[in-house]
Amino acid sequence: MIVSSHNLENTPSVEEIGNLAATIQASGADVVKIVTTALDITDCARLFQVLVHSQVPMIGIAMGEKGFMSRVLCAKFGGFLTFGSIEGAPGQPSITELLDLYNFRHIGVATKVHGVIGKPISHSKSPHLYNAAFKSVGFDGVYLPLLVDNVSDFLNTCSSPDFVGYSYTIPHKLDGLRCCDEVDPIAKAIGAISCMIKRPNDGKLIGYNVDYLGAIAAIEEQLKDSISGSRSPLYGKLFVVMGAGGAGKALAYGGKEKGARIVVANRTYAKAKELASKVGGKTIPLSELEKFHPEEGMILANATSVGMKPNIDDTPIPKVALKHYSLVFDAVYTPKLTRLLRESQEAGAAIVYGTEMFINQAFVQFERFTKLPAPKQLMRDVLARNT
Ligand code: NAP
């Protein structure tokens, strides 16, 4: 007999949930079921604490999008069962997602927890990518969308040693950096992290920015036939970066690391100036880029959000200017073939898709999470199926 309690308001304290569980058990229940409402993702941790210490079979779940983690991780903390909907509902995985996306039947006490921290986060394709990759190499880990309001609260509350690795996305890349015990020098210079790992020997949180590795690796790959020797193919090239936000900084620092000469163009000129001064580069107003062609064979990177869905007819630079570039990269990856990339191709430039930046940084993160080589083709296939 399952005896249940539903709290549609909030998630009470551990003590209150424990007392409720005892009352339910005293009623003669074989299984105690307590369902609460998550007002914050950290509410899930209180349910996990009660589940772990329960002496009777117990179902403990928090409703709402912020309680999503409890529906998947109850398996790790000894929950008796979880619920999956037929078609999926806000905050509730479907049965297919539980079994095929989150590998629910393989989640156990020792499973390592990873996830992408952002707000909003339900649109993220990362869980598809990492869970499939974990499964394919037999890694005992799960990767969740983590709808976090306050990064510091989340990290302090969900501090079990098995919560080991996170990706960071908008708007938490800066807050993530502030919560690190140690930060990689490039991430510090960029002022944002995209990845955080809990170091196994001392539990310290180490922050990295792997966005730049992803973007630069994709560009280098496309240019690699054009050089000989061990230097980066970006070395000495004039590298024009449009945009001075998170992606712009990652590209400008990455290009500088490889010895490129950096020019930053941004709608807000002051931001372009600030970034250019940090990477020892030059600045140009975005509106003047059309007439800018000091030399042929330059590299162009779009790190603005211009051209992103739904504004797919927009482009950050007129087509006529593109003939001076040998390669054009677009960080925008929805759609995959942006107007900028289509016009660059027509102007004779090689192009690099934004999806390449995304997949390359995912390879790096996977290897940091698992210490195993990334199953690259499988991850490419999963991304292609989900974009
Ligand atoms: P961000 O920090 O918010 O920066 C946005 C940038 O776009 C700023 O430079 C902003 O200029 C510029 N911008 C926005 N609207 C503009 C407009 N109408 N005209 C001209 N410039 C405009 O965002 P972000 O994180 O850098 O992301 C930028 C783009 O890169 C997004 O499309 C994002 O999806 C993409 N991205 C892709 C990857 C990947 O893996 N492929 C990774 C990260 C980001 P102001 O400074 O003047 O506002």
Side-chain angles (χ1 to χ4, degrees), residues 116-121 123-126 129-130 167-177 187 190-195 208-219 221-222 240-255 262-276 278-279 283-290 300-318 328-341 351-366 379-380 383-384 386-387:
V116 52
I117 293 179
K119 185 183 175 183
I121 204 59
H123 65 285
S124 173
K125 304 296 177 204
S126 295
L129 210 57
Y130 290 98
S167 314
Y168 277 80
T169 188
I170 294 168
H172 289 321
K173 290 184 172 194
L174 178 57
D175 284 345
L177 183 141
I190 292 171
I193 61 163
S194 64
C195 175
Y208 303 93
N209 191 310
V210 295
D211 280 347
Y212 90 94
L213 290 175
I216 295 298
I219 293 170
E221 178 66 22
Q222 180 66 253
V240 179
V241 177
M242 297 185 285
K249 285 179 187 152
L251 279 148
Y253 276 95
I262 310 294
V263 174
V264 184
N266 192 49
R267 180 179 59 179
T268 308
Y269 190 65
K271 282 203 220 164
K273 265 191 112 162
E274 191 187 335
L275 177 56
K278 284 187 177 156
V279 297
T283 316
I284 179 172
L286 194 55
S287 53
E288 286 177 25
L289 212 48
E290 181 176 355
L300 179 67
N302 176 36
T304 74
S305 45
V306 178
M308 189 167 83
K309 260 184 192 171
N311 304 313
I312 58 170
D313 292 327
D314 292 352
T315 186
I317 178 170
V328 177
F329 165 77
D330 199 342
V332 173
Y333 61 98
T334 49
K336 183 175 175 182
L337 183 64
T338 56
R339 177 175 164 194
L340 171 67
L341 290 183
I351 62 166
V352 179
Y353 296 110
T355 45
E356 286 301 304
M357 172 177 178
F358 182 74
I359 197 81
N360 274 308
Q361 60 82 25
F363 296 156
V364 177
Q365 287 201 59
F366 177 91
M379 291 172 79
R380 282 187 184 283
L383 184 63
N386 288 284
T387 46

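Whatever order the structure lists them in is the order used to number ligands and atoms, beginning at 1. Quick caveat, the model's predicted, so the values are computed rather than measured. Along the sequence shown, the residues carry numbers beginning at 1.
Ligand 1 has a nitrogen or oxygen under 3.5 angstrom from a nitrogen or oxygen of Gly354. The N/O atoms of Lys173, backbone and side chain alike, include none that comes under 3.5 Å of an N/O atom in ligand 1. Of the polar atoms of Gln361, none of the N or O atoms is found under 3.5 Å from an N or O of ligand 1, judged by distance alone.
Contacts between Ala303 and ligand 1, counted as non-hydrogen atom pairs separated by less than 4.0 Å, involve the backbone only. Residue contacts with ligand 1 for Phe358 involve both N, CA, C or O and side-chain atoms from C-beta outward (heavy atoms, distance under 4.0 Å). At a 4.0 Å heavy-atom cut-off, ligand 1 touches Thr304 through backbone and side chain alike. Residue-level proximity to ligand 1 for Asn266 is carried by the side chain, the only part with a heavy atom below 4.0 angstrom. Proximity of Ala247 to ligand 1, defined as any heavy-atom pair under 4.0 Å, is shared by backbone and side chain alike. Heavy atoms of Met308 found under 4.0 angstrom from ligand 1 belong exclusively to the side chain.
For ligand 1, the atoms lying closer than 4.0 Å to a non-hydrogen atom of Val332 are 32 (O). Listed by number with element, the atoms of ligand 1 under 4.0 angstrom from any heavy atom of Ala244 are 9 (O). In the vicinity of Gly243, heavy-atom distances shorter than 4.0 Å reach the ligand 1 atoms 9 (O). Residue contact check: Met357 has heavy atoms under 4.0 Å from atoms 38 (C), 39 (C), 40 (O), 41 (N), 42 (C) of ligand 1. Near Gly245, meaning under 4.0 Å from one of its heavy atoms, ligand 1 places the atoms 2 (O), 4 (O), 9 (O), 26 (O). Ligand-side atoms of ligand 1 in range of Leu286: 20 (C), range being under 4.0 angstrom from any heavy atom.
Salt bridge Arg380/Glu356: present, at least one basic N to carboxylate O contact under 4.0 Å.
Checked by atom type and distance alone, the side chain of Gln222 pairs as donor or acceptor with a backbone atom of Ile351 at under 3.5 Å. Checking side-chain atoms of Asn209 against main-chain N and O of Ala192 turns up a donor-acceptor pair under 3.5 Å.
With rounding to the nearest 0.5 angstrom, the CG atom of Leu129 is 8.0 Å from the CZ atom of Phe363.
Note: Phe358 and Tyr333 meet the aromatic proximity criterion, with ring centroids under 6.0 Å apart.
Under the 4.0 Å distance rule, the nearest protein heavy atom to atom 41 (N) of ligand 1 falls inside the cut-off.
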